[in-house]
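Below is one structure, written out as structure tokens, with a few remarks after it.
All chains are named by letter (A, B, ...) in the order of the sequence lines, taking the proteins before the strands, and each is independently numbered beginning at 1.
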Amino acid sequence: MDLMKSIAIAASGLRAQAGRMQVISENIANADSTATQPGGDPYRRKIVTFQSEMDRALGARLVALGTVRPDASDFQVKSEPGHPAADANGNVKYPNVNPLIEMADFRDAQRSYSANVNVINATRAMIARTLDILKS
Amino acid sequence: MPIPSVAANAYANVARLGDAAAGLGTAGTAAGVAGAADASSFGALLKDALGQVTEAGHRSDAQTRAMVAGKADMVDVVTAVSETEAAVETMVAVRNKVIEAYQSIMSMPI
């Protein structure tokens with residue numbers, strides 16, 4: 001049934017956005033995670049990718065989380081000579097996580113999730129309206 | 001005599017509705033095959049529809065149990081439950097319609 005297919009497709013969107021939320025929360029939680037060794041690298045920001053995937057049983061293209069890639073941009077360097085992770089010059093590398101970008105990303109994930117939930121609700125309303133023909 | 005032929009037509013219509021209803025839902029299940037073999041009988045139709053609805057119900061039950069055990073995705077539970085809901089509502093609507101047709105035949109003055 002096509003309407004049940006729409007629900008399954010929107011559900012794949014929900015799953016993908018939930019996975020994205022997980023990566024974003026990982027980034028935000030680790031925004032201050034420095035290295036444990038002096039001069040070592042801190043937490044590196046992760047970026048999610050999405051990919052379109054053919055579901056043969058369903059006969060539709062679903063969305064799936066692609067590989068989670070590290071963000072190659074530079075770390076922030078702060079001068080904190082007393083820090084356990086400081087190198088010989090007293091510089092500490094902090095993660096390349098910008099909280100503002102993460103906030104924007106998670107708003108985006110939230111909106112996208114809501115859009116998929118709206119699709120599911122609209123589809124269920126269509127199923128109910130179709131059944132109303134039989135009931136009248 | 002026109003009246004029995006009208007009643008026969010009405011019955012044929014109900015049987016056709018039964019055929020259409022038997023084609024609903026997932027094809028290829030054991031219940032679906034059994035229903036297709038003898039779709040013209042009302043009992044077989046109801047049994048077939050009930051079998052499909054029960055199957056959908058079992059799926060959503062299994063998902064809910066896995067969810068409570070912390071093994072399932074919430075999205076899977078929601079989709080399974082809404083699929084069951086649609087199946088149950090379709091079955092109830094078809095049953096009501098068929099019984100309505102049956103009653104209108106039974107209350108036909110002969």
Side-chain angles (χ1 to χ4, degrees), chain A residues 1-25 48 50-53 55-65 68 109-136, chain B residues 13-14 16-29 32 42 45-46 48-49 52-53 55-60 62-64 66-67 70-104:
Chain A
M1 189 169 157
D2 284 353
L3 290 171
M4 289 319 290
K5 268 188 201 176
S6 310
I7 290 185
I9 295 166
S12 82
L14 292 185
R15 264 183 229 110
Q17 295 303 329
R20 182 191 193 183
M21 252 340 251
Q22 186 194 328
V23 174
I24 293 171
S25 61
V48 284
F50 295 106
Q51 61 194 31
S52 180
E53 217 177 52
D55 188 314
R56 296 207 179 276
L58 205 61
R61 296 198 74 87
L62 304 181
V63 61
L65 266 191
V68 179
Q110 210 176 357
R111 296 278 179 264
S112 193
Y113 198 92
S114 306
N116 282 303
V117 169
N118 283 340
V119 169
I120 291 181
N121 281 336
T123 312
R124 289 181 57 189
M126 282 166 78
I127 294 174
R129 293 284 298 138
T130 311
L131 279 177
D132 282 350
I133 300 174
L134 271 185
K135 287 173 189 166
S136 63
Chain B
N13 281 340
V14 173
R16 261 209 302 283
L17 176 67
D19 282 348
L24 287 176
T26 51
T29 59
F42 179 60
L45 155 71
L46 260 192
D48 178 40
Q52 282 169 11
V53 170
E55 195 191 320
H58 283 162
R59 270 204 301 277
S60 75
Q63 286 289 351
T64 312
M67 166 90 189
K71 283 180 216 149
D73 203 11
M74 203 169 19
V75 175
D76 290 336
V77 180
V78 172
T79 47
V81 169
S82 61
E83 199 174 327
T84 311
E85 187 190 6
V88 169
E89 285 197 3
T90 311
M91 191 206 70
V92 168
V94 169
R95 181 209 61 184
N96 288 347
K97 208 69 185 172
V98 169
I99 287 178
E100 199 182 299
Y102 172 74
Q103 280 174 343
S104 62

Any side-chain heavy atom of A/Arg15 sitting closer than 4.5 Å to one from B/Asp76? yes
Looking at residues at least two apart in the chain, or sitting in another chain, which of them share a side chain to side chain contact (heavy atoms under 4.5 Å, CB included) with B/Ala66? B/Lys71, B/Ala72
Measuring from atom OG1 of B/Thr90 to atom CG of A/Leu134, what distance do you get when rounded to the nearest 0.5 angstrom? 8.0 Å
Positions in residues 123-131 of chain A that reach chain B, provided some heavy atom is under 4.5 Å away: A/Arg124, A/Ile127, A/Leu131
Which members of residues 56-63 of chain A, sorted by number, sit under 4.5 angstrom from chain B on a heavy-atom basis? none
Taking salt bridge (charged side-chain N to carboxylate O under 4.0 Å, His left out) as the definition, give me every residue that meets it alongside A/Arg20, ordered by chain and number, with sequence neighbours left out. A/Asp108
Give, as side chain, backbone, both or neither, the part of B/Glu85 having an atom under 4.5 angstrom from any heavy atom of chain A. side chain
Is there side-chain contact between A/Ile120 and B/Ser82, with at least one heavy-atom pair below 4.5 Å? no
Between B/Asp73 and chain A, which part of the residue has a heavy atom less than 4.5 Å away: side chain, backbone, both or neither? side chain
